[in-house]
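Letters go in sequence order (proteins before strands), and every chain restarts at 1. Because the structure is a prediction, the values reported are computed rather than measured.
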Amino acid sequence: MDKAKSVMDQKGSGPCCTNGMHKPLRRQLSNGSCSPFSPTDDDHHHDPQTNGSPAKRCRLRRRMESVRKNRPPFPWFGMDIGGTLVKLVYFEPKDITAEEEQEEVENLKSIRWYLTSNTAYGKTGVRDVHLELRNLTICGRTGNLHFIRFPTAAMHKFIQMGRDKHFSSLHTTLCATGGGAYKFENDFRTMADLELLKLDELDCLIQGLLYIDSVGFNDHPECYFFENPSDTQNCIKKPCCLDNLFPMLLVNIGSGVSILAVYAKDDYKRVTGTSLGGGTFLGLCCLLTGCETFEEALEMASKGDSTNVDKLVKDIYGGDYQRFGLQGSAVASSFGHMMSKEKRESISKEDLARATLVTITNNIGSIARMCAVNEKIERVVFVGNFLRINTVSTKLLAYAMDFWSKGQLRALFLEHEGYFGAVGAFLELLKSSDDA
Amino acid sequence: MALCGVADTGSHSMDKSITLPPDEIFRNLENAKRFAIDIGGSLTKLAYYSTVQHKVAKVRSFDHSAKETDGDPLYEISVQEEITARLHFIKFENAYIETCLDFIKDHLVNTETKVIKATGGGAHKFKDLIEKKLKLKVDKEDEMTCLIKGCNFVLKNIPHEAFVYAKHADSEFRFQHTHPDIFPYLLINIGSGVSIVKVEAEDKFERIGGSSIGGGTFWGLGALLTKTKRFDELLQLASKGQHTNVDMLVKDIYGGAYGSLGLTGDLIASSFGKSATTDKEFSKEDMAKSLLHMISNDIGQLACLYAKLHNLTRVYFGGFFIRGHPVTMHTITYSINFFTKGEVQALFLRHEGYLGAIGAFLKGAEEDNPNQYSWGENYAGSSGLMSVSPELNPIQRARSGTFDMLEMDRLERQLVNLPLLQDPTSYIPDTVDLTEDALAREYWLYCFEEALDGVVKRAIASQKDQPEAVERAEKFRQKYRHKLQTLRHQPFAYGSLTVRSLLDTREHCLNEFNFPDPYSKIKQKENDMALKYYLKVVKSVEELSWEQRQFNLVKGLLAGNVFDWGAKAVSDVLESDPEFGFEQAKQQLQDNSGIDIILGVFPFIRELLIRGTEVVLASNSAPALNDVTNSELQILTERIAAMDPVIHAALKEDRLALVQNGSSSPCLDLSRLDKVLATVVRERGTDLVIIEGMGRAIHTNYYAMLSCESLKLAVIKNSWLADRLGGKIFSVVFKYEVPSKAQGQH
């Protein structure tokens, strides 16, 4: 038996959430008044009494049933619709009783079957099997948490699928965060007769992150860092458990970048952001190399050499710029060599991809470091799908934090990189039933 | 000889554009010394030091021990040669380096110079060429050190060096009156990369940060994306593009704004976020624009983070990415404003391109102690901001090629703040900023153009004995008219355009053509005449009751003020009617009193002295219009003292002191006064400042707040200005102010 789970079960005391390692969160879930996002969140709670259509009345009935059981009806989803990717978490109950199995409507069964028996959906949907969280007990139910992503460009296909599979008949609440929750709200309503429960993306990000960190990654820590970040030969990934995450600077690198200072579970502020993010890397790579996917771009970058593209300090000064203590190997001008026509004509796509990746990563590192210093925070946690399968960037960020702060700052990373917003939305689903 | 003759042997396609006589570019090469050169990626900046021989009018007292006769003038005027130091800075495209070096070699007479200081990325590349051509040893100086030294120098010596750029305002350039204390500040140099330097004192600076995303990234990445080679062309593309086709905006993700965070829908969420597709073609313009935004925003953000960390609010931007390009100045300004929520303004520098050359020069000229002197921009010899900007003035570009010049004259006196300024940091000398006030600008430019004939006539008349004066005066006319035309199109060329700067530019142009003091003879004649009336005026005033006497003395001050050749209304009357004199002036004011200094000021200070007040009489160091100069005043005072025991005793007991103010302008900048005057003011505990005359009390200092009582008085001798102030021509301004209460009486 799952050791993590047994610990959770012992600690878990409430009727709903038994994953005790996140006690504070559970408390928050069971008590709406201490919700960190109640000011904006209240707007998203639709009063069931005011909904008049027959479908909605039906949903209301089902909801009332689940309220009696103190949990929402299946299926349980959380969705984060970003600028580039849609992140979906799905809870697959593994403790379904025979009675339940019988009662389970065909639609629900087919959704469960479709999601859990496949690892790819359509041309572009992917289930990150390696991230699956097993034997999780949530709201008295035990099951697996699945992590699925697909491009935001396929959003309309997804909604059509929801319509074709009569998703609305299941009368579940679809909790969604990210900009797309707002952008596609009307499409969900008109195309698939689905109402979204819209949630703030930063709230979700933090709640999701804290939850996953608290339950751990199938007996392993969710968090890791790099040992010897300034030594490329001996730089090793090391898992770690943090007694206290706060205060942390949370750097979320999606299409763009948001930087948050998080002081406590309910206490955070957005410090700043930059438009030079994952979208910029992929956008520039597509223009420069003709590649089509993030994977392709990273693959090229891994083979390239950015020093053929970037002008280094030593290219200008012949060595170190001692007057200012700059190493000769430091980048003086990103893409600086490309000012020369000859060099432009002889450069490889791999070098260009690498330079793009290094430029964007270093810039994020630089801004994050300045924010950490300004906010007087030593822990810098990097998340977001830009870091997916991207060890070039994670190592570079670890190096940048360590080197430029002379060891004062530590870069931390999380295994579920880009899924925390979706997890936060998923948690909100459980909370919403709780509140009702 | 024309420089194009040399250039023709070269292979450059732009040779034809150098058609200026080179003596108008590389001036005073005969006695040039201490060369410095800053070679950047596309522009070369050459600096050298020269001594300029020019004529100055000197006055000398006659020996009055012999019995006086009525026919002798009071003093004699002689024109003498004087040598002053001047700094020359010339900026040109790298393509001309060889041509220019050849020209310098041919004209360099002074052989004392052995070394040329060099800085900039290109210095290395051209080292051999320079050494071969000029036979000077190239001595490399650190780029950043030069930059900072140059920056300190221009900030200290050029009052309107820094400006804020506002693309959509009436005047794009809003000049900042540089505060006397220029430290600390942040300099963000955007070259191929970005350096962020904190400057705390003349020799104390530190590179606190930087970024590799800079001008080289814009250029290199831009060239890859758009297949456009030149930096300027990339900027042109960018100025025509729509970044929203390439960038992912907040509204592309949210469908609208991200309200809870206050992020508007038009904000860029992800630069190039829309280009991650192979199904779509993107236009060069759009990509260039997106790239420009990405880089400008990024630099702006880092600059703000560093400014915040070091608690600095003065942030100057320079480097080739900025260099006078309205497009990048706009995007950087926007970014700084966005990230600091308007708390920090991006500042740019008029002579940004020269900083490295100035600094390298200063490094080489340390033994001349250039930093111990005050320097002033010579408007006659300087091109002014954006003079070679093709988008602004294509005609002028064709005329002057791509050569841009800056000349700085060493001032004889060190200039400092008047210690009595209530708030030196907010003091602005000029009453009306003509760069902002289009109507006023129009009027004054017209006014100065109209008056030009008269000034030329006066200049010729002042040198009747020299036949070539006519030719020189004609050159003066052309030069000044050209300056006026430039200012009509680019009012920001020399900082804020003001009546003072227009007057100063005229003085600089007159000096340029050796008309040091066109009014010396007139002043001499007037002084002679006035002196004869002095005792009579003093006596008539003495006979009045106390109250009447005060009234008359003040009216006398004002009546004397009418005798001003600078004011067109007055000079019209004076020119048309040679008999017009003191009596007419009295009638205009319906009053009885005396000429300017002798019959107006002296009776007034005499009264002050009698009642026991100490008086410091400040006057111009060098000639400006018909204003009395300090050397003239010395002689006049001596003569009056010989007649008047009150003045005599006061001089002897040091209750009357004559001090020069360091100015040679009809206007007065109280933040740039002779250091000696400032010391005297402080030591004597001055508690009342009287500022007299239209130039000093109306065009400048009308709103100046002093920490002691002050009296500003003048007669408005210009009907347009009188209208503006709500009065009639020849109305009187009598403004008495007490600090803090700030009461004004008219």
Asker: Would you indicate whether the side-chain heavy atoms of A:I367 and B:D298 approach each other to under 4.5 Å?
Answerer: yes
Asker: Could you tell me whether the side chain of A:L326 reaches within less than 4.5 Å of the side chain of B:R207, counting heavy atoms only?
Answerer: yes
Asker: For B:G193 and A:S333, which heavy atoms make the closest approach, and how far apart are they?
Answerer: N-CB, 4.0 Å
Asker: For side-chain hydrogen bond (donor to acceptor under 3.5 Å, both in side chains), just list the numbers for A:S275 and B:S271, CA-CA rounded to whole Å, side-chain angles, deciding distance to a tenth of an Å, and then say yes or no.
Answerer: CA-CA 5 Å; A:S275 68; B:S271 295; 2.6 Å; yes
Asker: Taking the side chain as everything from C-beta on, heavy atoms only, tell me whether B:W219 gets closer than 4.5 Å to A:M339.
Answerer: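 They are in contact (side-chain heavy atoms under 4.5 Å apart), so the answer is yes.
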Asker: So for B:L263, is it side chain, backbone, both, or neither that comes closer than 4.5 Å to the heavy atoms of chain A?
Answerer: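 For B:L263, the contact with chain A is made by the side chain alone.
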Asker: What part of B:F338 gets closer than 4.5 Å to chain A, counting heavy atoms only: side chain, backbone, both or neither?
Answerer: neither
Asker: Given a strict heavy-atom distance threshold of 4.5 Å, which part of B:A223 is in contact with chain A: side chain, backbone, both, or neither?
Answerer: both
Asker: Please check if the number of heavy atoms outside B:H310 that lie under 6.0 Å from its NE2 is greater than 12.
Answerer: yes
Asker: Report which part of A:L202 has an atom under 4.5 Å of a heavy atom belonging to chain B: side chain, backbone, both, or neither.
Answerer: both
Asker: Any donor-acceptor pair under 3.5 Å linking the side-chain atoms of B:Y258 with those of A:D200?
Answerer: yes
Asker: Heavy-atom distance under 4.5 Å to chain B: side chain of A:I316, backbone, both or neither?
Answerer: side chain
Asker: Can you tell me which portion of A:F281 sits under 4.5 Å from chain B's heavy atoms? Options are side chain, backbone, both or neither.
Answerer: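 Answer is neither: A:F281 stays 4.5 Å or more from chain B.
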Asker: What part of B:M294 gets closer than 4.5 Å to chain A, counting heavy atoms only: side chain, backbone, both or neither?
Answerer: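 For B:M294, heavy atoms of backbone and side chain both lie under 4.5 Å from chain A.
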Asker: Quick one: what part of B:F218 sits under 4.5 Å from any heavy atom of chain A, side chain, backbone, both or neither?
Answerer: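 Contact with chain A is absent: no heavy atom of B:F218 under 4.5 Å.
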Asker: Is a donor on one side and an acceptor on the other found under 3.5 Å between the side chain of B:Q301 and the backbone of A:T272?
Answerer: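 No, B:Q301 side chain to A:T272 backbone: no donor-acceptor pair under 3.5 Å.
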Asker: With rounding to the nearest 0.5 angstrom, report the CZ to OG1 distance, B:F272 to A:T280.
Answerer: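 Rounded to the nearest 0.5 Å, the CZ-OG1 separation comes to 8.0 Å.
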Asker: If you count heavy atoms of other groups shown closer than 6.0 angstrom to NZ of B:K204, is the number above 12?
Answerer: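 No, the 6.0 Å shell around NZ holds no more than 12 heavy atoms from other groups.
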Asker: Is there a side-chain contact between A:Y182 and B:K251 (heavy atoms, below 4.5 Å)?
Answerer: no
Asker: Should B:S212 and A:N362 count as side-chain neighbours, where that means a heavy-atom distance under 4.5 Å?
Answerer: no
Asker: With chain A, which of B:G209, B:A276, B:G210, B:S211 has the greatest number of heavy-atom pairs at distances under 4.5 Å?
Answerer: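 Most heavy-atom pairs under 4.5 Å with chain A: B:A276.
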Asker: Has A:F403 got more than 12 heavy atoms of other residues, nucleotides or ligands less than 6.0 Å from its CZ?
Answerer: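 Yes, the 6.0 Å shell around CZ holds more than 12 heavy atoms from other groups.
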Asker: Determine the minimum heavy-atom distance between B:L305 and A:N374, stating which atoms define it.
Answerer: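 Heavy-atom minimum between the residues: O-ND2, 3.3 Å.
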Asker: Quick check for you: among A:G254, A:C371, A:G83, A:A153, which has the greatest number of heavy-atom pairs under 4.5 Å with chain B?
Answerer: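 Going by pairs under 4.5 Å, I would pick A:G83.
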Asker: Using a cut-off of under 4.5 Å on heavy-atom pairs, state which of A:K311, A:H337, A:E201 scores highest against chain B.
Answerer: A:E201
Asker: May I have all residue pairs that pass salt bridge (charged side-chain N to carboxylate O under 4.0 Å, His left out) and include part of residues 324-348 of chain A, sequence neighbours excluded?
Answerer: A:K341-A:E345
Asker: How long is the span from the CD1 atom in A:I360 to the CD1 atom in B:I213, to the nearest 0.5 Å?
Answerer: 6.0 Å
Asker: Against chain A, work out which of B:D247, B:L291, B:T145, B:T217 has the most heavy-atom pairs shorter than 4.5 Å and name it.
Answerer: B:T217
Asker: With a 4.5 Å limit on heavy-atom distance, are the side chains of B:N297 and A:L276 in contact?
Answerer: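 Contact flag for B:N297/A:L276 side chains = no.
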Asker: Out of A:V309, A:I81, A:L352, A:T274, which one racks up the most heavy-atom pairs below 4.5 Å with chain B?
Answerer: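 Top count of heavy-atom pairs under 4.5 Å with chain B: A:T274.
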Asker: Only pairs of heavy atoms separated by less than 4.5 Å count here; which of A:G336, A:S255, A:S366 has the most with chain B?
Answerer: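 Result: the option with the highest number of such pairs is A:S255.
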Asker: Name the option with the most non-hydrogen atom pairs under 4.5 Å to chain B; the candidates are A:C285, A:A330, A:C286.
Answerer: A:C286
Asker: Could you look at B:F231 and say if it's the side chain, the backbone, both or neither that has a heavy atom under 4.5 Å from chain A?
Answerer: neither
Asker: Just give me the residue among B:G255, B:G220, B:G256, B:S290 that pairs up with chain A most often, heavy atom to heavy atom, under 4.5 Å.
Answerer: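 Looking at each of B:G255, B:G220, B:G256, B:S290 in turn, B:G220 comes out on top.
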Asker: Between A:M370 and B:L309, what is the shortest heavy-atom contact and its length?
Answerer: CE-CD2, 3.7 Å
Asker: Return the CG to OG distance between B:L261 and A:S258, rounded to the nearest 0.5 Å.
Answerer: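 Rounded to the nearest 0.5 Å, the CG-OG separation comes out at 7.0 Å.
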Asker: With chain B as the partner, which of A:G279, A:G325, A:G180 has the greatest number of non-hydrogen pairs under 4.5 Å?
Answerer: A:G279
Asker: Chain A heavy atoms under 4.5 Å from B:M287: which part of the residue, side chain, backbone, both or neither?
Answerer: side chain
Asker: Could you tell me which portion of B:L302 (side chain, backbone, both or neither) has an atom closer than 4.5 angstrom to a non-hydrogen atom of chain A?
Answerer: side chain
Asker: Would you check, one step at a time, whether the test side-chain hydrogen bond (donor to acceptor under 3.5 Å, both in side chains) holds for B:E143 with A:Y321?
Answerer: CA-CA 11 Å; B:E143 209 173 329; A:Y321 189 6; 5.9 Å; no
Asker: When only heavy atoms count and the cut-off is under 4.5 Å, which of residues 289-299 of chain A reach chain B?
Answerer: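 Contacts with chain B: A:G290, A:C291, A:E292.
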Asker: So A:T359 and B:L221, do their side chains get closer than 4.5 Å, heavy atoms only?
Answerer: no
